[in-house]
Student: 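Take this structure first; my questions come after.
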Number of protein chains: 2
Amino acid sequence: MEPVPASVSAAHVTALRRFNRYFTRRIGVLDDHYLGQDRPLGEARLLYEIGSGASLRELRTRLGLDAGYLSRMVRALEGQGLVRVTVHPADSRLRLAELTPAGRDELAEQNRRADGLAEGLLRGLTEAQRGRLAEAVAVTERLLRLAAVTARPVGPASPDARACLAAYAAELDGRFPEGYAVSDLVPPERIAVFLVAYEEERAVGCGALCASGADTAEVRHLWVHPRARGLGLGRRLLTELEHTAAARGHRTVRLDTHVALKEAAALYRTSGYTEIPPYGDNPHAGHWFEKPLPD
Amino acid sequence: MEPVPASVSAAHVTALRRFNRYFTRRIGVLDDHYLGQDRPLGEARLLYEIGSGASLRELRTRLGLDAGYLSRMVRALEGQGLVRVTVHPADSRLRLAELTPAGRDELAEQNRRADGLAEGLLRGLTEAQRGRLAEAVAVTERLLRLAAVTARPVGPASPDARACLAAYAAELDGRFPEGYAVSDLVPPERIAVFLVAYEEERAVGCGALCASGADTAEVRHLWVHPRARGLGLGRRLLTELEHTAAARGHRTVRLDTHVALKEAAALYRTSGYTEIPPYGDNPHAGHWFEKPLPD
DNA sequence: ACAGTTCTTTGACTAAAGTCAAAGAGCATG
DNA sequence: CATGCTCTTTGACTTTAGTCAAAGAACTGT
């Protein structure tokens, strides 16, 4: 299900590894060791992750910790008066951890130290160089995030699919003048393939493929979570859906979009789609596109 | 001795910290934990740092380890047949560690695993995206390295100054058709300020300032170690020398360069220098430049 | 209502990482 | 050639980090 040429050039691998080594040695270590000062690294990280409150369950998966280990660390922080633990109101198996005022102070201090470190580093550069660094760092982060996203087909009625579709419908409802109801979604039984994109175990995007005659497949409900926008994930999902369609024997993909969704139309045009006359009965559609699939 | 505007914009600090957090969490950990497999992280790192041989003393400072801790780890690796320790031929307090063939195999295996990891990551990107990532990563690394370099005035006869000047003379001797002898260097007593640039405790560049009349200072022996080229360090040293000259009351800086050193001339031109008629008695000079200092 | 699951806590460990101080061997230098 | 310094080793610790299993409380679906 990878959308991508087979072999990775050695130069690219080398560049990434070289950077990785340099960065972890120079910055990673520095930052993480200094910011906690006399606090063990695990506790410092935990404090940060708790931030404005989180369940132990969440913390466990986010930090990848053993349940027992986490339990003890939280208790230690509680003992130092930095964290307060309460029972989840709806599910009393769960515990919620949140920072006390003292904990927030401590975290703020951590942040100040980390800021100071970053500032000290940037001080060695001219303003123009700082700008270039910020830019390069942003590009790197975006691409690494994109690279880490995996798209998998899931059942169209599975919890992840439902969650994505619900968020999709809610967003469209806010953006379409005429509104958008959950009942406007394609019913699960008409969906042939439902792709969900995951970033670190979280669903951050989706797209559905419906059969629409023997030759033609239709892409519906292509959506990217706001937190994952700007990565190029929409294009990637679209490409993967096209590959899937081709693999299922279709020769053409079509799709429609609302006039309010300018970015979507731009994505389709730059992905090789051309506008065609209206088809189907989607009451929200304002533009219709089609793309032939390579054999 | 910082060449740079005072305040660092919060946006730049945020960008860097954000990236730092993301990167250490996602890649740093991943890579470093997996590549050693069933070997403790400390040992894996040590193996890597030993590489093609290093003294324990070097390893201790490079990795920032306690002497006792290091001693034991090296012994453990020796016990596993991965490392051989010998006495330094010139100073028998020192121990030299080098990899045995088995150690080299192990390191190669580590490298293969790390390559595989990087490759797996890159596989999620298109070829164009990989190219952009490699580029962004290279820019980031260069700028971070530059930011970490500090320039300090040292005595012109100090060991670091001598080492830089020796390397400088050797390099010029190779590049000038007429050769270059150590006796062609400006004698220490004529040097007013000698700046050495340090990257992680290693001298990687230098530049000298000589008084040349009350109004005018002269820049001599501006040099950057091959390992630190391409960072923009030459320009930075030049700028710092100019600031120093201004602080010492000079109003003009001048310098000369050999016709063979095209890059140098380009640096001077783009740093605000204009070519002037010959001055002085440097037999190697082929171009002469001057720049007025702002008050 | 009960069987199976989920979430957390506790006990009992192990391994890795790191610290501190003492001591011995070798250098460098006056 | 004695004194002070450097480098390494060793002993004796402590702290972090992490694992595994058992058990209890609370939820879920049937």
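Residue numbering restarts at 1 for every chain, and letters A, B, ... go by the order of the sequence lines.
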Student: For A:E49, does its backbone N or O pair with a side-chain atom of A:R62 as donor and acceptor, under 3.5 Å?
Tutor: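 Checked: pair present.
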Student: Got a donor-acceptor contact below 3.5 angstrom from the B:R95 side chain to the B:H88 backbone?
Tutor: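 No; zero donor-acceptor contacts below 3.5 Å.
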Student: Which atoms form the tightest heavy-atom contact between B:G205 and B:C164, and what is the distance?
Tutor: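 Distance-wise, the nearest heavy atoms are O-SG, 3.9 Å.
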Student: Between B:L63 (CG) and C:dG18 (C1'), how many Å, whole number?
Tutor: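 The distance from CG of B:L63 to C1' of C:dG18 comes to 14 Å, rounded to the nearest Å.
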Student: Both A:A90 and B:S55 contact DNA chain D. Which one's nearest nucleotide lies toward the 5' end?
Tutor: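 First, find each residue's nearest nucleotide; the 5'-ward one identifies B:S55.
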Student: For the CG atom of A:L144 and the CZ atom of A:F19, what is their distance to the nearest 0.5 Å?
Tutor: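 Spacing of CG (A:L144) from CZ (A:F19) equals 8.0 Å.
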Student: Set out, line by line, the N/O atom pairs under 3.5 Å between protein and nucleotides 21-25 of chain D.
Tutor:
none

Student: Has the side chain of B:R72 got a donor or acceptor atom sitting under 3.5 Å from an opposite partner on the base of D:dG11?
Tutor: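 Counting by modelled atom types and ignoring angles, a donor-acceptor contact under 3.5 Å is found here.
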Student: For B:R75, answer base if it contacts any base atom (sugar-phosphate contacts may also be present), sugar-phosphate if it contacts only those atoms, and nothing otherwise; contact means non-hydrogen atoms under 4.0 Å.
Tutor: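 It contacts sugar-phosphate atoms only.
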Student: To the closest 0.5 Å, what do you measure between CZ (A:R202) and NE2 (A:H225)?
Tutor: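 If I round to the nearest 0.5 Å, the distance is 8.0 Å.
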Student: Can you measure A:R57 atom CZ to C:dT8 atom C1' for me and round it to whole angstrom units?
Tutor: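 So the two atoms are 13 Å apart, to the nearest Å.
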Student: Closest approach of B:G42 and B:M73, non-hydrogen atoms and distance?
Tutor: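 The answer is C-SD, 3.7 Å.
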Student: Take the protein atom CG of B:L56 and the nucleotide atom P of D:dT10, then report the distance between them rounded to whole Å.
Tutor: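 Taking CG of B:L56 and P of D:dT10, I get 12 Å after rounding.
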Student: Between A:R95 (CZ) and C:dT6 (C1'), how many Å, whole number?
Tutor: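 Roughly 12 Å, once rounded to whole Å.
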Student: Considering only side-chain heavy atoms of B:Y69, which listed nucleotide, C:dC27, C:dA17, C:dC7, is closest?
Tutor: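 Within the option list, the nearest is C:dA17.
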Student: Measure the CD1-CG distance between A:I50 and A:L96 for me, rounded to the nearest 0.5 Å.
Tutor: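 Separation between the atoms: 11.0 Å.
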Student: Using OP1 and OP2 only, check whether a side-chain N or O of B:S92 sits under 4.0 Å from C:dC27.
Tutor: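 Checking B:S92 against C:dC27: at least one side-chain N or O falls below 4.0 Å of OP1 or OP2.
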Student: Mind calculating the distance between CD (A:E43) and P (D:dG18) to the nearest angstrom?
Tutor: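 Nearest whole value for this atom pair: 13 Å.
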Student: Let me confirm one number: the CD-CZ distance from A:E78 to A:R84, rounded to the nearest 0.5 Å.
Tutor: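 The CZ atom of A:R84 is 9.5 Å from CD of A:E78, to the nearest 0.5 Å.
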Student: Compare every heavy atom of A:L47 with every heavy atom of A:L107, then report the nearest pair and how far apart it is.
Tutor: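 Of all heavy-atom pairs spanning A:L107 and A:L47, the closest is CD2-O, 4.2 Å.
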Student: Which whole-number value in Å describes the distance from B:L70 CG to D:dT9 C1'?
Tutor: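 In whole Å, D:dT9 C1' lies 11 Å from B:L70 CG.
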Student: Between atom CG in B:L65 and atom P in C:dA16, what is the gap in whole Å?
Tutor: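 Checked: the CG to P distance equals 16 Å.
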Student: To the nearest angstrom, how far is B:R60 atom CZ from C:dT19 atom C1'?
Tutor: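 The answer, rounded to whole Å, is 14 Å.
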Student: Please report how far the helix from C:dA1-D:dT30 to C:dG30-D:dC1 bends, comparing the axis fitted to its first five pairs with the axis fitted to its last five, to the nearest 10 degrees.
Tutor: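 Here the local axes at opposite ends form an angle of 30°.
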